[in-house]
Number of protein chains: 2
Amino acid sequence: MKNRNKNITIYDVAHALSVSATTVSRALKDHHSIGKDTKKKVKKMALAMGYEPNAIASGLRKKKTHTIGVLVSQINRPFISSLISGIEEVANKNKYHVFITQSHDSYEKEVEDIKAFYNNRVDGLIVSLAMETKKYDHFLPFLKNNYPLVFADRVTYEIETDKIVVDNFEAAFKATSHLIQQGYKRIGHLAGAQQRHMYKKRLDGYTAALIKHGIQPEESLIYYSNLSQQEGWNGAKLLLGQTVKPDAVFAANDTSAVGFMQYAEQLTNYSIPHNLGVVGFNNDPISSIVRPKLTTINHPAMEMGKKAAELVLTKISGNSYTTIPQTITFNTDLIIRESSMKK
Amino acid sequence: MKNRNKNITIYDVAHALSVSATTVSRALKDHHSIGKDTKKKVKKMALAMGYEPNAIASGLRKKKTHTIGVLVSQINRPFISSLISGIEEVANKNKYHVFITQSHDSYEKEVEDIKAFYNNRVDGLIVSLAMETKKYDHFLPFLKNNYPLVFADRVTYEIETDKIVVDNFEAAFKATSHLIQQGYKRIGHLAGAQQRHMYKKRLDGYTAALIKHGIQPEESLIYYSNLSQQEGWNGAKLLLGQTVKPDAVFAANDTSAVGFMQYAEQLTNYSIPHNLGVVGFNNDPISSIVRPKLTTINHPAMEMGKKAAELVLTKISGNSYTTIPQTITFNTDLIIRESSMKK
DNA sequence: AATATTTACGCAATCGATTGTGTAAATAAA
DNA sequence: TTTATTTACACAATCGATTGCGTAAATATT
């Protein structure tokens, strides 16, 4: 079946009124050089004919699409969806539309999606990197042509551009110190991919807290993974199955913390928090649904999204006072709940 | 700061090789009328110069953007994100890109987003309606111009177009019957917005199951809301606070079921499932994280997404044998867990 | 009354890729 | 050898909206 596209254009409207397309175009956006009556006439006719502007044509001519692209690993993570909500709020207020795609933590998909965003000439880009990503050449078209590019949360320092992050080191330090203060002695860590700066920093903060309190970090208490729930379970199985067992764990996210807790739950000799402490990261909704409720780190995802969008929009408008890439660091809160309350 | 866009076009590549833009365009997509050597030369030069196709220009000319738009209420719901993953899988396999936006269940945002999708001339559209939506005129541009439009999950029967749904009536019937079989006598229902056909069907299935088993439905046991966790809590507070209390509840989603459970948990006179049964809907990850684990309805979100994308793509390609709108109904499974095991 | 300015609109080029048509030259078929 | 056919490329129009420039008429200024 043929798609008979009888899309109404400004030419159709122009013809119907015996004016030029120029006049229609200008009338529709209240250009000063168009008479009041003409504007009214044109708008009325456009509405009547069901005219809808073709953003493609406009974008081509103006080299501006009024869209910003957002690439994240997965949209179904609470942190990410809050981040996106923040981005949307600011973008929509400024008449920008937000298009979202997810890399599913695959480098190839990330490259594909970034290319698609560039080919479709989004006016700006906000990215939270895939776990896998180690090369960054796919961002070159954006950088070369001076398109605003902001990294959020999962950032890289190999590219000089704006970044929105939380103080992961300090957060991990706080979380680990809290466990120590509660009297836990051998604290393990569920760590993420170390090419992601944020996970490295969480590991660093964890290590620093141990050292600060005179505890020798042990590599055998650290489990590296993609931090899925399954991997949290696997991590628990491995760590709690060793001869040198941890009596607490700081997980780099809530998801893996929950997996960890679930494995421990079905072992009769463990009881959280009495002889096993758990702290997560993100303050996902599940963290207050699991029993015992999970102590975790809260970060202002929505605010981070707003700030990211703000940065992009400022750059787009050309009103930015500085062209030097900035890194904006947000603070975090330790939310103490039952899972770490040994005392 | 000016955005000096020195984007490379086919003209630049053509000029560098002293051939025509036509040749470059055709060479890049292996048109038969271009010589082997020329193709090689062009591709090499395009790569060297960092040429990237301008999808905007191509889209304008071809009236095809190779993108499909997806509008959902919220991306952070497990069902929705699985649906989207299914859509992406099929779309990407067919070289289509998927742009996602969320209505946040607001009618206004839905209208805005649909307009943006139309203005950007996505080749097809997949929609899960906002809770609020009662008018459907905003889909007219798509319908009039014969753009493929598929509704998924949250559908309306006021528009004649393809729909992907689950058998909500049967699922609710199964869930409610299960509670009855377990020996619960007064079964309540956490219901969603009744303008959404799916929630109406769930209510209907619930009612039918009661009647089938000789139980008189009572309006006082039904709590209508947006099915948020908070509303689940509120529903529990109201229903369990009445003189005629339910001894079980069938919630139209897992989120509200969890809220319901949490309210009941802090009442000393209730113990799930012994004197209070709970069944949810969706099989969200939280349903197996809450304790007791939640009995729920599983539906094939990913498959539904795949099918939706398939329908859209078939329509786009014009290979569809029929133009009659079809409704595809998927079956569901009752997943029995602890929260409803009275026996 | 003469000139300057404002108002209101149209012409035609432009954004970048695509495509129907035209045309040489090379090869194949007769 | 002559006529078809294929190969390989270019010209120019096109998609739809925008915009610099031009111009006639209306109004304001001196």
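This is a predicted model, so every value here is computed, not measured. To find a chain, count down the sequence lines: A is the first, B the second, and so on, and within it residues start at 1.
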Using the ring of each side chain (for Trp, its six-membered ring), is Y118(A) parallel, tilted or perpendicular to Y147(A), with breaks at 30° and 60°?
perpendicular
Just by protein heavy atoms under 4.0 Å, how would nucleotides 14-20 of chain C read 5' to 3' in B, S and -?
BBBBBBB
Specify the separation, in whole Å, of atom NZ of K39(A) and atom C1' of dA8(C).
11 Å
What nucleic acid atoms does V19(B) come within less than 4.0 Å of, heavy atoms only: base, sugar-phosphate, or nothing?
sugar-phosphate
Is there any protein nitrogen or oxygen under 3.5 Å from a nitrogen or oxygen in nucleotides 24-28 of chain D, and what are the pairs?
none

F99(B) ring center near F117(A) ring center (under 6.0 Å):
yes
Atom pair CD1 (I68(A)) and CG (D123(A)), whose distance is rounded to the nearest 0.5 Å
9.0 Å
Looking at K39(A), I want to see if its NZ is surrounded by more than 12 non-hydrogen atoms of other residues, nucleotides or ligands under 6.0 Å.
yes
More than 12 non-hydrogen atoms from neighbouring residues, nucleotides or ligands closer than 6.0 Å to CG on D30(A), yes or no?
yes
Using whole Å, report how far CD1 of I34(B) lies from P of dT6(D).
18 Å
Quick one: salt bridge (charged side-chain N to carboxylate O under 4.0 Å, His left out) partners of R77(B), sequence neighbours excluded?
D105(B)
Pi-cation contact, Y107(B) with K134(B) (under 6.0 Å, within 45°)
no
Gap separating the NZ atom of K315(B) from the CG atom of L125(B), nearest 0.5 angstrom:
13.0 Å
How many whole angstroms separate atom NE2 of H32(A) from atom C1' of dT18(D)?
14 Å
